[in-house]
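Remarks on the structure that follows.
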Amino acid sequence: MQNFTFCVPTEIVFGKDTELSCGREVKKHGGTKVLIVYGGGSARRSGLLERIEKSLEEEGISYTEFGGVKPNPRLAFAEKGVQKGIRENVDFILGVGGGSAIDTAKAIAHGVANPGIPLWDIWTKKVPLKRTTRVGAVLTIPAAGSETSDSAVLTNEAIGKKSGLGTEWNRPAFAIMNPELTFTLPKYQIGCGIADIMMHTLERYFIPNQNNRMTDEIAEGLLRTVIDSGRTAIQNPSDYDAMSELMWCGSLSHNNLTGLGRAKDFSVHKLGHALSARFDCAHGATLTAVWGAWARYVWEQDPGRFAHYARQVWGIDGEEKEAAVQGIEKTTEYFESIGMPISLDGLGIGVQDEETLKELAMEATMNDTIRLSVIRPLDAGDVLEIFRKANG
Ligand code: NZQ
Ligand code: ZN
């Protein structure tokens, strides 16, 4: 096991009606004037925003709102939120929704605490982040894990780039997680969420074995739970128990617990971000569209690891190489069964020409300056081959 530090300071408030304690939570964490950041309207339509507003009013906390965050949230929109936050003198940012609203809330928090510094300079670490504004999250979709994660992702439309900022300053002060808030989710978004949760653990799992049993057991248990609960949730989106499991797994999968004591590999995410930046596709779907091609490209480098995954997560017996391949097939079959694409064409963007695939490969590898994957280091040529395999 490698050395590690693990600190997740976010207070979790989990269960039915917990959004009613929003005002108390903001007060406890020192907020006196709140900017409520939300998406395209689902939180308004469900009555959630009204309940949050009432709970803030009951605690005598004033608020203003900034709605309209789109999936794959944009830098320029977050900058508008920063201006509003500064103008309105807010001291607390509340993200209501999924990864897009919460990540935008995090970005606005950084901008409000650092007036005059362009957000992209903070994002690219040109200016080191030394302070931020407190953020709280009310989660409505189990997926990105932003409610407890140390990262936030924005798309800079001007340069066609989607990238994440990883920093401890990104951890929210609290996360309110009521599984009932997810009952209005379309099935496609539930599928995208299941995929993203699985991927946050898979990306930490396919690292050459580090004799790291406890972390493996947590990861495998989480994956089995998500696979089972995901099946139920897709059948019945208002199954409280299944949604509870997904919601809790979503946070645990991306707060680093499932990768402690070993390296982290977010190569499939890099491929997915290149696709989202170019085609504005849902994040979880971009990951399943390429995962199978990635796995089939790298598994022979470490068949033992892939076989271990197949045995522990899918209950597959048999000889090592055979089990490894079967584990990959089971995973892609599962993605299909929950309505997720397993190719670029399935993503709804059509089959891509060679030139586009090359550009995607260059984008994912920062013009061939970085190597992806720990299990088998991949340069732009390897990534191009993976995109070709995923293209059909
Ligand atoms: O905008 P509204 O109207 O709220 O609709 C949203 C949106 O259309 C809808 N939705 C959310 N909750 C709902 C609901 N519709 C009905 N009922 C509800 N209860 O779902 C759609 C997707 O929302 P979004 O916030 O985009 O989903 P998700 O949580 O999957 O977030 C995706 C974003 O997070 C980033 C992704 O790259 C992507 O930009 N990620 C953030 C991470 C992090 N901060 O740690 C890590 C992840 O790997 C990921 O990269
Ligand atoms: Zn993700």
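Just so you know, ligand 1 is whichever comes first in the structure, and atom 1 is the first atom listed for that ligand. Excluded from the calculations below are hydrogen atoms, water molecules and symmetry mates; all remaining heavy atoms, backbone and side chain alike, are included.
- Where the criterion is an N or O separation shorter than 3.5 Å, residue side chain and backbone included, R45 fails it with respect to ligand 1.
- Aromatic rings of F387 and Y297 (six-membered ring for Trp) have centroids beyond the 6.0 Å cut-off, not under it.
- Those atoms of ligand 1 with a heavy atom of H254 less than 4.0 angstrom away are 45 (O), 46 (C).
- When each of V90, V34, N89 is paired with T64, the side-chain contact (heavy atoms from CB on, under 4.5 Å) condition holds for V90 and for no other.
- Under 4.0 Å is where a charged nitrogen must lie from a carboxylate oxygen, and between D216 and R305 at least one such pair does.
- The number of heavy atoms from other shown groups lying within 6.0 Å of CZ (R213) does not exceed 12.
- Nearest N/O/S atom of H200 relative to the Zn ion (ligand 2): this is NE2.
- What sits closest to atom 17 (N) of ligand 1 on the protein, heavy atoms only, is T184 OG1, 2.7 Å.
- Nearest-heavy-atom check against atom 32 (C) of ligand 1 across P142, S100, S151 picks out S100.
- At a 4.0 Å heavy-atom cut-off, ligand 1 does not touch I102 at all.
- The closest protein non-hydrogen atom to atom 35 (C) of ligand 1 is D103 OD2, 3.7 Å.
- For atom 15 (N) of ligand 1, the nearest protein heavy atom (residue, atom name, distance) is S42 CB, 3.6 Å.
- Electrostatic pairing of R171 and E11 does not count as a salt bridge here, judged by no charged N lying under 4.0 Å from a carboxylate O.
- Between atom 39 (O) of ligand 1 and the options G67, S46, P73, the minimum heavy-atom separation is to P73.
- With no hydrogens or angles considered, a side-chain donor-acceptor pair links S251 and E147 at under 3.5 Å.
- Atom 40 (N) of ligand 1 has its closest protein heavy atom at A144 CB, 3.7 Å.
- For a threshold of 3.5 Å applied to N or O pairs, the pair formed by A43 and ligand 1 contains no separation below that value.
- For ligand 1, the polar-atom distance check finds no N/O of A143 at less than 3.5 Å from any of the ligand's N/O atoms.
- Shortest distance from the Zn ion (ligand 2) to D196 is reached at OD1 (N/O/S atoms only).
- For the pair K106 and ligand 1, the shortest N or O to N or O distance does not fall below 3.5 Å.
- Atom 21 (C) of ligand 1 is flagged as protein-proximal [any protein heavy atom, distance under 4.0 Å].
- Counting only heavy atoms, the protein gets under 4.0 Å from atom 43 (C) of ligand 1.
- In this structure, the protein non-hydrogen atom closest to atom 2 (P) of ligand 1 is G40 N, 3.3 Å.
- Of the N or O atoms in G41, one or more lie within a sub-3.5 Å distance of an N or O in ligand 1.
- Among all non-hydrogen protein atoms, the one lying nearest atom 47 (C) of ligand 1 is H200 NE2, 3.4 Å.
- The Zn ion (ligand 2) has no N, O or S atom of H254 under 2.8 Å away, backbone or side chain.
- Residue H283 holds the heavy atom nearest to atom 36 (C) of ligand 1 of all those in E180, H273, R44, H283.
- Between E50 and K54 there is no salt bridge, since no side-chain nitrogen of the basic residue lies less than 4.0 Å from a carboxylate oxygen of the acidic one.
- The option from L185, I197, T182 that lies nearest to atom 13 (C) of ligand 1, judged by heavy atoms, is L185.
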